[in-house]
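Atoms within each ligand, like the ligands themselves, are counted from 1 in listed order. Treat the numbers as computed from the prediction; the structure is a model and nothing was measured.
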Amino acid sequence: MPRIAYVNGRYANHNDAMVHVEDRGYQLADGVYEVCEISRGFIIDMKGHLDRLDRSLRELRMEWPVERKALEFIIREVIRRNHVRNGLVYIQVTRGVAPRDHAFPTKPVRSALVVTAKRADPMAAAKKAEKGMTVITVPENRWDRVDIKTIGLLPNVLARQAAVDAGAQEAWFVDPDGTVKEGASTNAWIVTTDGSLVTRPADFGILRGITRATVMKVADSLDLKVEERAFSVEEAQSAREAFVTSATSVVMPVVSIDGKPVANGHPGTVARSLRDAFFAIAEKSPSC
Ligand code: PMP
């Protein structure tokens with residue numbers, strides 16, 4: 001069955017789906033994106049993701065490529081055409097196609113929209129969560145507007161590759177004061193010895209994860225306390241548990257940080273109960 005991608009008004013065969021060479025996303029990373037999880041035929045937290053897309057667009061003075069309702073239709077249509085019941089949908093909006101110039105196009109152009117969907121195996125994800133992941137830390141070297149979900153991801157790409165080179169799965173950005181910001185594509189959490197969850201406040205230093213927000217509701221439903229404060233690498237290494245959250249990984253235990261095992265080096269029970277309760281609490285919209 002061929003994969004189908006939506007590109008600027010057309011549903012194209014995935015292999016033939018192309019954007020123009022002067023798309024400002026391609027040349028200048030002048031664009032934003034979202035990734036939503038699809039689970040058991042539902043789009044998870046679509047409202048939160050589209051609200052954040054709206055914020056990213058506004059912060060960068062970009063227009064919606066189509067009306068929000070139309071985008072929701074396109075998202076469902078791409079999921080339907082690709083027969084995805086479990087997986088991810090990717091939404092990218094760039095400032096459009098215009099002669100290359102750093103400043104915004106002087107003649108208004110329509111922003112460009114790409115939507116793709118792919119399947120993921122929930123059993124494989126569950127297996128990964130049983131094992132947990134290892135992380136390394138890298139110095140924070142990104143700009144100070146990482147609260148905007150832009151496609152300019154080069155520092156994140158290099159950080160993730162550093163993790164892969166070190167035999168790990170994720171890299172945490174660390175500020176000069178030794179506190180953890182977030183992962184290359186995940187938010188970072190720890191569980192303290194008294195069972196509280198700790199994650200960095202989502203002001204301007206990190207991306208305000210949609211999964212992060214839902215995990216806070218899940219924590220509430222499980223009577224777990226959440227503290228939004230910075231934590232150091234050392235505190236994380238000696239925590240009861242550590243884990244990351246994202247639409248792609250949901251809740252994924254972290255079993256070692258820079259080679260030091262977290263607790264006994266195995267996934268903890270808090271991360272597991274958050275993962276198990278996640279789907280019941282998250283907002284679910286039928287995917288077709
Ligand atoms: N931080 C960064 C840098 C990310 O790229 C992501 C994934 N989009 C997240 C956090 C987690 O965000 P979400 O839960 O919305 O997927």
Side-chain angles (χ1 to χ4, degrees), residues 29 31-39 42-57 59 75 87-93 115-118 120 125 129 133 135-163 169-175 179-190 197-219 226 228 230 242-254 271 274-275 278-279 281-285:
V32 298
Y33 75 107
E34 282 297 330
V35 179
C36 306
E37 187 202 3
I38 306 157
S39 176
F42 291 96
I43 309 167
I44 303 301
D45 289 330
M46 179 159 70
K47 181 177 180 305
H49 284 281
L50 294 186
D51 285 351
R52 187 173 63 187
L53 178 65
D54 182 56
R55 176 178 184 276
S56 297
L57 290 169
E59 290 293 325
I75 290 170
L88 298 169
V89 59
Y90 176 82
I91 304 140
Q92 175 175 302
V93 182
V115 181
T116 59
K118 72 170 179 191
M133 59 158 46
V135 310
I136 61 160
T137 61
V138 294
E140 176 64 283
N141 61 355
R142 300 173 299 164
W143 73 329
D144 63 4
R145 291 309 309 274
V146 294
D147 57 298
I148 307 173
K149 195 164 171 59
T150 82
I151 59 173
L153 289 172
L154 202 42
N156 310 57
V157 167
L158 297 177
R160 177 62 60 73
Q161 187 57 40
Q169 286 90 48
E170 178 59 306
W172 281 359
F173 290 110
V174 174
D175 257 351
T179 58
V180 174
K181 301 285 282 297
E182 62 180 334
S185 67
T186 55
N187 287 121
W189 299 69
I190 57 170
L197 308 186
V198 181
T199 194
R200 197 179 178 102
D203 35 36
F204 286 100
I206 63 167
L207 183 75
R208 188 181 286 273
I210 304 304
T211 318
R212 176 184 178 280
T214 300
V215 164
M216 287 188 181
K217 291 186 207 154
V218 178
V226 179
E228 285 187 83
F243 62 92
V244 295
T245 57
S246 70
T248 311
S249 65
V250 190
V251 175
M252 188 58 66
V254 169
L274 291 168
R275 190 179 172 88
F278 185 85
F279 186 72
I281 302 286
E283 185 231 353
K284 298 167 279 287
S285 340

Distance check, rounded to the nearest 0.5 Å: Met252 atom CE versus Gln169 atom CD?
9.0 Å
Hey, does the Lys NZ or Arg CZ of Lys284 hover above the aromatic six-ring of Phe279, less than 6.0 Å from the centre and inside 45° of the axis?
yes
If you count only heavy atoms, which residues are under 4.0 Å from ligand 1?
Tyr33, His49, Arg52, Lys149, Asn156, Glu182, Gly183, Ala184, Ser185, Thr186, Asn187, Leu207, Gly209, Ile210, Thr211, Thr245, Ser246, Ala247
Not counting sequence neighbours, which residues clear salt bridge (Lys or Arg N to Asp or Glu O under 4.0 Å) with Glu170? List them please.
Arg160
Sequence neighbours excluded, which residues qualify as salt bridge (Lys or Arg N to Asp or Glu O under 4.0 Å) partners of Asp175?
Lys181, Arg200
Is Arg142 close enough and on-axis enough to Phe173, meaning under 6.0 Å and within 45°, for cation-pi?
yes
Name all residues meeting the side-chain contact (heavy atoms from CB on, under 4.5 Å) criterion together with Val254; count only those two or more places apart in sequence or in a different chain, and write none if there are none.
Met133, Val135, Trp172, Ala242, Val244, Ile257
